[in-house]
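The structure appears right after this line, and notes come after that.
All ligand and atom numbering here is 1-based and tracks the order in the structure. Note that the structure is a prediction, hence the values are computed from the model and not measured.
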Amino acid sequence: MSEYFIPTKIYFGKNCLKNNLSSIFNVNNKPLIVTGKKSAIVSGVQSDILEIFDNNSIKYEIFNEITENPKLTTVHKGANYFLKNNCNTVIGIGGGSPIDSAKAISIIAGNKLKNRDIYTPQKIKKGFPVIAIPTTSGTGTEATQYSVITDTETNKKAGFGSPLMFPKYSFLDPKYTLSLSKIITRDTAVDALSHLLEGLYSEKRNKIMYPMIFNGIKLIFENLKNTMNNLEDIKLREKLMLASLWGGMVIAQTGTTMQHSIGYPLTSEYGISHGLANGVVMENVMELYFPTVKKDLVELFEFLNIRKNSFYDWLNSLDLKIDRKLDNDFIENSVKQVINSRNMVNNPIEVKENEIRNIYNNWVKI
Ligand code: NAP
Ligand code: ZN
């Protein structure tokens with residue numbers, strides 16, 4: 001049997017925010033706008049929203065303290081601000097970091113959570129409505145029930161999920177991604193590619209999602225390099241945004257696998273971007289899983305009209321590198337963390353410690 005569920009109303013395309021946001025708000029709403037330092041402004045989302053709110057007499061507050069790899073202490077601060085100002089909706093604008101933070105703020109405020117409560121699913125019983133406006137094409141968080149917040153006590157990235165964290169509305173306008181740099185465009189698209197591939201690897205894969213997975217991977221494979229050389233091409237941006245959305249819709253059903261778990265320690269410890277951390281391990285993980293998911297991967301490569309090795313050549317041509325040697329302590333701690341991570345139940349095979357250790361050892365191509 002196959003199942004598929006997301007409860008988010010998704011608006012996609014040029015001016016979708018400008019043309020539709022006012023219809024979902026009235027003067028009784030008081031949103032908290034959650035952003036990073038710059039992206040909401042440089043992408044143009046913030047000015048579009050504030051114009052709509054000002055024209056419709058909608059009051060709002062702004063919390064712009066979200067950093068990359070958002071911290072638990074920061075989302076608690078945002079939730080206090082939300083409650084103190086009697087807000088009732090959270091709008092996340094940005095990449096995955098501000099949108100994941102908006103979800104966390106909604107849950108912390110909705111349940112008056114303390115300390116590390118967000119990581120305990122039983123404590124999540126309600127949430128304020130979340131609106132997601134992505135300015136990157138990568139995480140797909142606008143279509144998932146997940147959030148990833150760094151636990152400030154342990155300095156570890158930790159994901160958590162609840163159906164209450166699906167955004168109520170998501171607005172995806174590719175023009176908001178035109179300001180992304182070449183490297184962030186690459187890394188975020190590689191994150192989306194990871195989600196789509198992991199949708200195929202996951203024990204929870206199902207046939208409903210295969211058209212999204214195959215077509216999403218095709219969009220990235222055929223258009224990423226072109227986009228990196230034509231950053232302001234809106235048609236190309238639209239293709240990457242669609243692939244990213246499909247990636248989110250897929251992992252909302254399948255979860256992610258070890259490919260994601262293995263990247264988290266590198267991001268927490270060394271600040272390597274989330275997409276890059278997934279990308280450098282992609283070939284090794286595919287090789288490890290290949291015998292088990294061979295039928296689906298062969299079908300994928302036939303669909304792309306290439307052989308597996310050409311896919312690896314393409315990946316290599318993206319120049320995904322981490323110029324850093326990983327020391328033994330880091331590798332041993334990370335192996336333990338990966339083995340105990342939630343995503344491991346989704347792997348198509350039972351992964352052994354040594355296989356993870358080997359991937360870390362092969363990781364760095366200096
Ligand atoms: P991000 O951490 O949100 O942003 C990365 C950088 O890009 C920041 O410097 C940001 O600036 C900048 N930026 C964003 N949009 C921009 C734009 N349009 N123009 C110029 N600069 C822009 O990156 P992300 O890759 O989208 O999100 C990664 C996070 O999402 C990770 O924490 C990851 O674990 C999480 N994630 C969540 C899910 C999920 O389902 N919940 C899935 C995958 C990944 P500012 O600092 O100014 O914002
Ligand atoms: Zn991801």
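Using modelled atom types and a 3.5 Å distance limit, the side chains of Asp296 and Tyr210 yield a donor-acceptor pair.
Counting only protein atoms, the N, O or S atoms lying less than 2.8 Å from the Zn ion (ligand 2) are Asp191 OD1, His195 NE2, His260 NE2, His274 NE2, ordered by chain and residue number.
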| Can you check side chain to side chain contact (heavy atoms under 4.5 Å, CB included) on Met249 and Thr8, steps first, answer last? | CA-CA 10 Å; Met249 291 163 80; Thr8 305; over 6 Å; no
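Between Tyr264 and Ser341, every side-chain heavy-atom pair lies at or beyond the 4.5 Å cut-off. At a threshold of 4.5 Å between non-hydrogen side-chain atoms, the residues Leu113 and Lys123 count as touching. Side-chain contact between Met165 and Ser106 is absent, with no heavy-atom pair separated by less than 4.5 Å. The shortest distance between side-chain heavy atoms of Thr188 and Thr139 does not fall below 4.5 Å. For the pair Tyr169/Asn20, no side-chain contact is recorded, criterion being any heavy-atom separation below 4.5 Å from C-beta on. Put simply, the side chain of Met344 reaches to within 4.5 Å of the side chain of Ile356, judged on heavy atoms. Between Ile149 and Phe160 there is a side-chain heavy-atom pair separated by less than 4.5 Å. Counting only heavy atoms from C-beta outward, the side chains of Phe171 and Ile24 approach each other to under 4.5 Å.
Heavy atoms of other residues, nucleotides or ligands lying less than 6.0 angstrom from NZ of Lys77 number 12 at most. Enclosure of atom NZ in Lys9 is not indicated, since only 12 or fewer non-hydrogen atoms of other residues, nucleotides or ligands lie within 6.0 angstrom. Applying the 6.0 Å contact sphere to NZ of Lys168 captures no more than 12 heavy atoms from other residues, nucleotides or ligands.
Applying the 4.0 Å criterion to heavy atoms of Thr136 picks out, from ligand 1, the atoms 14 (C), 15 (N), 26 (O). When each atom of ligand 1 is checked for a heavy atom of Ser43 under 4.0 Å away, the hits are 18 (N). Which parts of ligand 1 touch Tyr176 is read off a 4.0 Å heavy-atom cut-off, strictly below it: atoms 18 (N). If you number the atoms of ligand 1 from 1 as listed, the ones under 4.0 Å from a heavy atom of Lys38 come out as 47 (O). Of all the atoms in ligand 1, the ones that sit under 4.0 Å from a non-hydrogen atom of Gly36 are 47 (O), 48 (O). Counting the atoms of ligand 1 from 1 in the order shown, those under 4.0 Å from a heavy atom of Gly95 are 3 (O), 26 (O). Shown in contact with Pro98 at under 4.0 Å from a heavy atom are these atoms of ligand 1, numbered in order with element: 3 (O). Atoms of ligand 1 lying under 4.0 Å from at least one heavy atom of Thr144, given by number and element, are 39 (C), 40 (O), 41 (N).
Under a 4.0 Å N-O distance rule, the pair Lys308/Glu283 does not qualify as a salt bridge. With respect to the salt-bridge test (charged N to carboxylate O, under 4.0 angstrom), the residues Lys18 and Asp173 do not qualify.
Of the candidates Thr67, Ile99, Asp100, Asp100 brings a heavy atom nearest to atom 37 (C) of ligand 1. Which of Thr141, Thr35, Val190, Asn64 comes nearest to atom 39 (C) of ligand 1 through a heavy atom is settled by distance: it is Thr141. Nearest residue to atom 12 (C) of ligand 1 from Asn278, Ile184, Ile66 is Ile184 (criterion: closest heavy atom).
On a distance-only criterion, Gly96 and ligand 1 share at least one N/O pair closer than 3.5 Å. The shortest N or O to N or O distance between Thr188 and ligand 1 is not below 3.5 Å. Any N or O atom pair closer than 3.5 Å counts here, and Ser179 shares at least one such pair with ligand 1. Residue Thr135 has at least one N or O atom closer than 3.5 Å to an N or O atom of ligand 1. On a distance-only criterion, Thr177 and ligand 1 share no N/O pair closer than 3.5 Å. The shortest N or O to N or O distance between Ser97 and ligand 1 is under 3.5 Å. Taking distance alone, with nitrogen or oxygen atoms compared against 3.5 Å, Tyr264 stays at or beyond that limit from ligand 1. Taking only nitrogen or oxygen atoms, main chain and side chain alike, Asp191 does not reach within less than 3.5 Å of ligand 1.
Protein heavy atom at the shortest distance from atom 46 (O) of ligand 1 is Lys37 N, 4.2 Å. Ser39 CB, 3.6 Å is the protein heavy atom nearest to atom 13 (N) of ligand 1. In terms of protein heavy-atom proximity, atom 31 (C) of ligand 1 is closest to Lys157 NZ, 3.5 Å. Protein heavy atom at the shortest distance from atom 44 (C) of ligand 1 is His274 NE2, 3.3 Å. Counting protein heavy atoms only, atom 16 (C) of ligand 1 is closest to Leu180 CD2, 3.3 Å. Scanning all protein heavy atoms for the shortest distance to atom 8 (C) of ligand 1 gives Glu68 OE2, 3.5 Å.
Distances shorter than 4.0 angstrom do not occur between any heavy atom of Gly140 and any atom of ligand 1. Heavy-atom separations between His195 and ligand 1 include at least one value shorter than 4.0 Å.
Lys71 is linked by a side-chain contact (heavy atoms from CB on, under 4.5 Å) to Thr73, Thr74, Thr152, counting only residues two or more places apart in sequence or in another chain.
Using cut-offs of 30° and 60° on the angle between ring planes, the pair Tyr201 and Tyr289 is perpendicular.
Of all the heavy atoms of Thr139, the ones lying under 4.0 Å from any atom of ligand 1 are found in both the backbone and the side chain.
Hydrophobic clustering (side-chain heavy atoms under 4.5 Å, transitive across Ile, Leu, Val, Met, Phe, Trp, Tyr) keeps Leu21 apart from Phe128.
Aromatic pair Phe82/Phe63: centroids not less than 6.0 angstrom apart.
Paired with Phe214 under the rule ring-ring contact (aromatic ring centres under 6.0 Å, His included), one option of Phe303, Phe221, Trp246 passes, and it is Phe303.
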